[in-house]
There are 2 protein chains.
Amino acid sequence: MSTATVSRVVHGQDRVRPATRQRVLEVIEALGYVPDSAAQSMARRRKEVIGLVAVEARSPDTEIEHEGLLFIEEVLRGVESTLSPLGWPVLISVRRPELSTGDDKDAYQWLQRMSAKVDGLVIAEGFGPEGQLAKLAARIPVALVAGSPSVPYADIVGIDNRAGVTALVRHLIEEHGRTRLWFVGGPREAPDAQERRTAFAQTLARYQGARLAGSSEGRFGAYSGRLAVREILAAPEVPDAIVCANDQMAIGAIQELRGAGIRVPADVSVTGFDDVYLGAMLTPPLTTVHQPMRLLGERACSLLLDRIGEPGRPRRIERLPTRLVVRESCGCPGDAGPA
Amino acid sequence: MSTATVSRVVHGQDRVRPATRQRVLEVIEALGYVPDSAAQSMARRRKEVIGLVAVEARSPDTEIEHEGLLFIEEVLRGVESTLSPLGWPVLISVRRPELSTGDDKDAYQWLQRMSAKVDGLVIAEGFGPEGQLAKLAARIPVALVAGSPSVPYADIVGIDNRAGVTALVRHLIEEHGRTRLWFVGGPREAPDAQERRTAFAQTLARYQGARLAGSSEGRFGAYSGRLAVREILAAPEVPDAIVCANDQMAIGAIQELRGAGIRVPADVSVTGFDDVYLGAMLTPPLTTVHQPMRLLGERACSLLLDRIGEPGRPRRIERLPTRLVVRESCGCPGDAGPA
DNA sequence: CTGTTAGCGCCTTCAC
DNA sequence: GTGAAGGCGCTAACAG
């Protein structure tokens, strides 16, 4: 019997006599035959795998634990769940900068290697120079999560950082009468961090009575939040609200404040951004801005799939809405404690 | 210039004149050439990818959120981090039973397909019939996380459930004088759940003064914990301690108890198992048994790698230690509230 | 040092 | 309906 026939049977094609099909199936079962996917990929020039890459933002110190990945994990879920009906698995690789040496060059190699194993790539965070990305995107379909739109070809899905931050600052000032705000920003390279920073500054500028008490620059990890608080405690003026560019840092900040005997929100409001699962369980529950992380993953994946199906189609950019989530760390009363 | 030369250059082999190498490198750079991994896999008969599969245990109701995956995510981290130095990515697929129809057959197909794309498979949770697993393991290297040792060939890494549960029950009874314990178990199919259940029963039997107030059977999700509490509230006898077979269910139980106006731990102790990150942040912080989830992933991955390197080597079984983590939900005093 | 050759396992067209 | 043949892109062995 020829391999062609077997192939036909395996793929459920019609032009096979039932008896033959039956026989083939039996043998396959008996032998435990499974077609090799590498060979399939090569022959039909499609791998049926999409890749998800991210860099694990880890601050200099021992911030080993659950810091950077909460966001990525949500994105992963989104990606995985939209792929799962197709039966495509997700290829994951997270880069740990401190392990490698020559940053940019290595990072590029790494992306290249990943790109060789997949039909499309979702790039979730902390990617490098845009020139490299552009080259990558020219070669295989790429979707950026929360990336800056300056990369041509790549599809992009991001969130409305501006609206979120604006609502947050407004809430702090108008509802709670906060006047001395401290901003804990994220890394310069992250487009989202940038947007949040400028949105914060611009919104604050709109209010007469309120002003910037100071600001710190963090790396999006809880440890950065702790550091920021130490900085704040050493500062001449104590803020009455600390606005963190993400939840992780807010969590770190709250922990450090608690350690210093400062009450949240009685003495100072603390807010985050992202609406990580954990935030709702904290004491006090974290006031934050919800961003649909999972949906980000889903959309990015869908765009990618579309582009894989139709490589030449014009690039698409989506911006998902954010939503202010008022809990207690801003000073609002809770209903019944953490749910 | 021949493809062989290019191949040599790409793989940094020596027998190439520097000038030639240089020239090749330039062209590669100019063309943005990246070797196709499918072809490489085929030629060198190795894919340099390992797979991680799990089934998402989701209870009948709308338990969509962060329920089942906390464990898997930790395992994933472990796997990913031990692979990362090698530069191997992880191929992930999680199966959602409710989406598919013919369970066992489908599940097997799914495993087969995954197995065709990787050099080895880490199976993390909720796999099916052992016969199928055995066949799979005979074909490619397989490592089971928390699996029962009855599958031949497969390497296995699990934890010491017995010691953990024993320490927990002992603590509840000896330190807190609890006498009416309610057990919220996990799914029958899960080997870990089984071990915890019998360890619980056996330990309890050793104490004269304490007895089983009742028990429920859950699915390891938070919702199961809530259901269990409803059951408890409707029961004739109210327990003074609720021992849950994992943290998720304990969290759900605490939420439901709070909703019913029952204080934890004043009215009833609640304990979990796993030591999920979240547990420490709750109010009250959860007393639980720590299991090294990440390490499980690391060990499973290492065993797999070993076996890939030496397919015929005898199967290995590792059992990692657990550790009682006393926080406040059992009734112990906290130091300074949730950290 | 470099080119040639023979597959790796599968799919696809084309004969039969 | 089924078999034969060529090629997917790369590596490894062998010539030169």
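For the numbers below, each heavy atom of this structure counts, side chains included, while hydrogens, waters and symmetry mates do not. Sequence lines set the chain letters: A, B, ... in the order given, protein chains first and strands last, and positions in each chain run from 1.
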(message) Under 4.0 Å from a heavy atom of chain A: give me the 5'-most and 3'-most nucleotides of DNA chain C that qualify.
(response) C/dG9 to C/dT12
(request) Of all the heavy-atom pairs spanning A/Tyr153 and A/Ala134, show the shortest one and how long it is. (result) CD1-O, 4.3 Å
(request) Sequence neighbours left out, what passes side-chain hydrogen bond (donor to acceptor under 3.5 Å, both in side chains) with B/Lys47? Give chain and number order. (result) A/Asp36
(request) Can you see which heavy atom on A/Trp110 is nearest to which on A/Val94, and at what distance? (result) CZ2-C, 4.1 Å
Show me the donor-acceptor pairs, under 3.5 Å and distance only, between side chains in residues 37-45 of chain A and residues at least two apart or in other chains.
{"residue": "A/Ser37", "atom": "OG", "partner": "B/Ala116", "partner atom": "O", "Å": "3.0"}
{"residue": "A/Ser41", "atom": "OG", "partner": "A/Ser37", "partner atom": "O", "Å": "2.6"}

(request) Enumerate the residues from residues 16-27 of chain A whose closest heavy atom to DNA chain D is under 4.0 Å, giving them by residue number; use none for an empty result. (result) A/Val16, A/Arg17, A/Thr20
(message) According to side-chain hydrogen bond (donor to acceptor under 3.5 Å, both in side chains), does anything in residues 301-316 of chain A pair up with another residue at least two apart or in another chain? List the pairs.
(response) A/Asp155-A/Arg307, A/Asp155-A/Arg313, A/Asp306-A/Arg316
(message) Holding to side chain to side chain contact (heavy atoms under 4.5 Å, CB included), I want the full list of residues that pass it with A/Ala190, two or more places apart in sequence or in another chain.
(response) A/Pro187, A/Ala193, A/Phe220
(request) Apply salt bridge (charged side-chain N to carboxylate O under 4.0 Å, His left out) to B/Glu26 and list each qualifying residue two or more places apart in sequence or on a separate chain. (result) none
(message) So if I apply the side chain to side chain contact (heavy atoms under 4.5 Å, CB included) rule between B/Leu121 and each of B/Leu52, B/Ile50, B/Leu144, B/Leu111, which one comes out positive?
(response) B/Leu111
(request) Give me the bend of the helix from C/dC1-D/dG16 to C/dC16-D/dG1, using the axes of the five pairs at each end, rounded to 10°. (result) 40°
(message) Applying side-chain hydrogen bond (donor to acceptor under 3.5 Å, both in side chains), can you list everything that pairs with B/Ser7, at least two apart in sequence or on another chain?
(response) none
(request) Write down the distance between CE (A/Met42) and C1' (D/dG9), rounded to a whole number of angstrom. (result) 6 Å
(request) Could I get the full list of side-chain hydrogen bond (donor to acceptor under 3.5 Å, both in side chains) partners for A/Arg319, not counting sequence neighbours? (result) A/Glu195
(message) Can you build the contact string for nucleotides 11-16 of chain D? Use B for base contact, S for sugar-phosphate-only contact, and - for no protein heavy atom under 4.0 Å.
(response) BBB---
(message) Run the side-chain hydrogen bond (donor to acceptor under 3.5 Å, both in side chains) test against B/Gln112 and tell me which residues pass, sequence neighbours left out.
(response) B/Tyr108, B/Arg139
(message) What's the separation between atom NZ in A/Lys117 and atom CG in B/Leu91, rounded to the nearest 0.5 Å?
(response) 10.5 Å
